[in-house]
Structure formats: C-alpha cells, structure tokens
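Just so it is clear, the values below take in all heavy atoms, side chains as well, and ignore hydrogens, waters and symmetry mates.
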Amino acid sequence: MINLKILYQNLLKDHGPQGWWPINNKYHPGDYSYPKNDSQRFEICIGAILTQNTSWKNVERALDNLRKKKLLDARKLIIADDQLIKNCIKPAGYFNQKAKKLKIFAEFFIKLKKRIPIRDELLSLWGIGKETADSILLYAYDQPIFVIDTYTRKFLLNQNIIKEKELNHMTYEDIKLFFQENLPKDYKLFQEYHALIVQYGKNLQNN
DNA sequence: AGCCAGGCTACCG
DNA sequence: CGGTAGCATGGC
C-alpha cells in the first residue's frame with residue numbers, strides 16, 4: 001500500500017505551503033481560515049469557473065477587472081450587462097461561455113443562501129463539471145473532497161504510484177476515491193495536497 | 001509560430 | 001459507455 005501521507009510530507013517539504021485558494025489575488029500560505037465570509041466564498045467560485053483550461057495568471061486579470069466593476073458580488077453580477085461581463089473576463093478566454101456560466105452560478109449562489117451546496121446540485125448547473133464542483137466544495141466550503149485534475153494523473157504516473165495501464169482506465173471518481181480512502185478526511189490536508197500537486201506538475205515542465 | 005493553461009458541453013460511433 | 005471538436009486569451 002502506497003503511503004500518500006509520506007508523499008504529501010515530501011511535497012510540502014520541497015515546495016512549502018501554497019496558500020490556496022488565493023483571495024483578492026493573494027495567497028495565504030499555512031492559513032486555512034479562508035474564506036472568511038460569503039464575499040470571499042463567491043470569489044473562489046468565480047475563480048474556479050474562470051480557470052477552466054486557463055492559466056491562473058489570466059484569471060487574475062479577469063478577477064481584477066470584475067472587482068473594479070464591483071461585479072465580484074452575486075447580486076450585482078446577475079443584473080450586470082452581458083457585454084460588460086465579457087469585457088471584464090476576456091483575458092481568461094472562452095468569454096462567451098464563461099459569462100453565461102458566471103451568471104448561472106451567481107443565480108444559484110443567491111438561492112443557496114448560507115447553505116452548503118450538494119455536489120449533484122453543482123453538477124446540474126450548466127458549466128460546472130466534476131473538477132470545478134469539487135474545487136468549489138473543497139476551497140469555498142471546506143468540504144473534505146479531493147480534487148482531481150490533469151496534474152494529478154501526471155503526479156500518480158511520475159511517482160510510480162499507479163501504472164499507466166491501470167491509470168488509463170480509471171475514471172475521475174476512481175482516482176478521487178483512491179486519495180480519499182488512503183488519507184485522513186481532513187479538508188486542510190486536501191486543500192494543500194491538491195495545490196502541491198499542481199505546483200509539482202508545473203515544476204516538472206520547467207525541468 | 002505553435003502548444004499549453006488549475007475543463008466543460010455537445011455530439012459522435 | 002469512451003473519445004473528441006470547439007471554445008479564446010496570453011505566455012513562452
């Protein structure tokens with residue numbers, strides 16, 4: 001049995017705490033007390049949608065533009081002009097689709113009130129898939145759910161944790177369960193682990 | 001000058 | 001079910 005906790009400790013030693021999810025474009029390494037309010041929670045969700053197949057650098061620009069227009073606010077976003085939203089988020093790409101996704105999510109967020117969303121509710125929204133749903137649950141709602149992305153598969157391969165042949169026929173849910181069943185159910189650990197895997201993957205490319 | 005980025009939907013066989 | 005084109009910008 002692979003000890004995923006040991007691998008985590010090595011990653012943490014190599015890269016240090018990552019401070020995910022950034023709030024107001026600032027990371028907060030080692031501080032797992034975010035989000036501190038509903039506004040920050042909403043910002044994380046918007047970032048999770050904007051970063052779909054897009055570098056975080058471009059998402060930062062989009063978030064800055066939205067912030068300047070006071071649109072990082074669910075109630076203002078739902079009544080905002082579509083073209084204004086598209087102009088703000090243009091740097092993050094796919095702006096036609098993402099503008100629609102943001103409005104749909106904002107509507108949902110308001111109807112939620114203070115309740116924690118259920119995964120299936122998120123998945124039923126147009127524009128929210130598995131990774132985005134899980135990112136929202138883990139980083140905006142502190143739910144102990146492990147997020148899987150392309151970096152996670154590379155990590156498992158590169159560390160010889162799972163062989164390529166086996167990994168190729170594992171679904172998203174399979175990989176997610178593999179992590180969750182081999183780690184203590186701790187949202188702080190899951191938040192840091194996923195961020196470290198991404199950092200690990202980024203470093204691989206520069207070498 | 002392509003290829004890639006903290007994916008998802010729609011549609012195909 | 002699994003596989004893939006299309007979506008769009010900025011960095012390298």
May I ask you to evaluate whether [X] reaches the phosphate of [N], defined as a side-chain N or O under 4.0 Å from OP1 or OP2?
X        : N      : result
A:Arg153 : B:dG7  : no
A:Thr54  : C:dG10 : no
A:Lys154 : B:dA5  : yes
A:Lys202 : B:dG6  : yes

The nucleotide from B:dG7, C:dT9, B:dG6 with an atom nearest the side chain of A:Gln97 is B:dG7
The residue, A:Asn58 or A:Trp126, whose nearest nucleotide of DNA chain B is more 5′ is A:Asn58
Classify the side-chain pair A:Asp134/A:Tyr172 by whether it contains a donor and acceptor separated by less than 3.5 Å.
yes
Ignoring hydrogens and angles, state whether a donor on the side chain of A:Tyr200 or A:Gln159 is under 3.5 Å from an acceptor on the partner side chain.
yes
N-O pairing of A:Glu166 and A:Lys163 below 4.0 Å:
no
When you measure only distances, ignoring hydrogens and angles, does the side chain of A:Tyr94 come within 3.5 Å of the base of C:dG10 through a donor and an acceptor?
no
Going by ring centres under 5.5 Å and near-parallel planes (under 30°), is A:Trp21 stacked on B:dG6?
no
State whether the aromatic ring of A:Tyr151 stacks on the base of B:dG6, taking stacking to mean ring centres under 5.5 Å apart and ring planes under 30° to each other.
no
What integer number of Å spans the [atom1] atoms of [N] and [M]?
N     : M     : atom1 : answer
B:dC3 : C:dA5 : P     : 13 Å
C:dG3 : B:dG6 : P     : 24 Å
B:dC4 : C:dT4 : P     : 15 Å

Given the rule in the salt bridge (Lys or Arg N to Asp or Glu O under 4.0 Å) test, do A:Asp38 and A:Arg41 qualify, once you have shown the distances and angles that lead to the verdict?
CA-CA 5 Å; A:Asp38 239 36; A:Arg41 206 181 317 281; 3.3 Å; yes
Going by the ring-ring contact (aromatic ring centres under 6.0 Å, His included) test, which pairs reach into residues 45-70 of chain A, not counting sequence neighbours?
A:Trp21-A:Trp56
Among A:Leu138, A:Ile136, A:Ile116, which residue meets the side chain to side chain contact (heavy atoms under 4.5 Å, CB included) test with A:Gln143?
A:Ile116
Assess the residue pair A:Tyr193 and A:Leu4 against the criterion (side chain to side chain contact (heavy atoms under 4.5 Å, CB included)); give the C-alpha distance rounded to whole Å, side-chain angles, the decisive distance to 0.1 Å, and a yes or no.
CA-CA 10 Å; A:Tyr193 210 148; A:Leu4 291 177; 3.9 Å; yes
Intra- and interstrand pairs of DNA chain B - dot-bracket, Watson-Crick/G-U under 3.5 Å, | marks other strand
.||||.|||||||
Integer-rounded Å distance: C:dA8 C1' and A:Arg61 CZ
14 Å
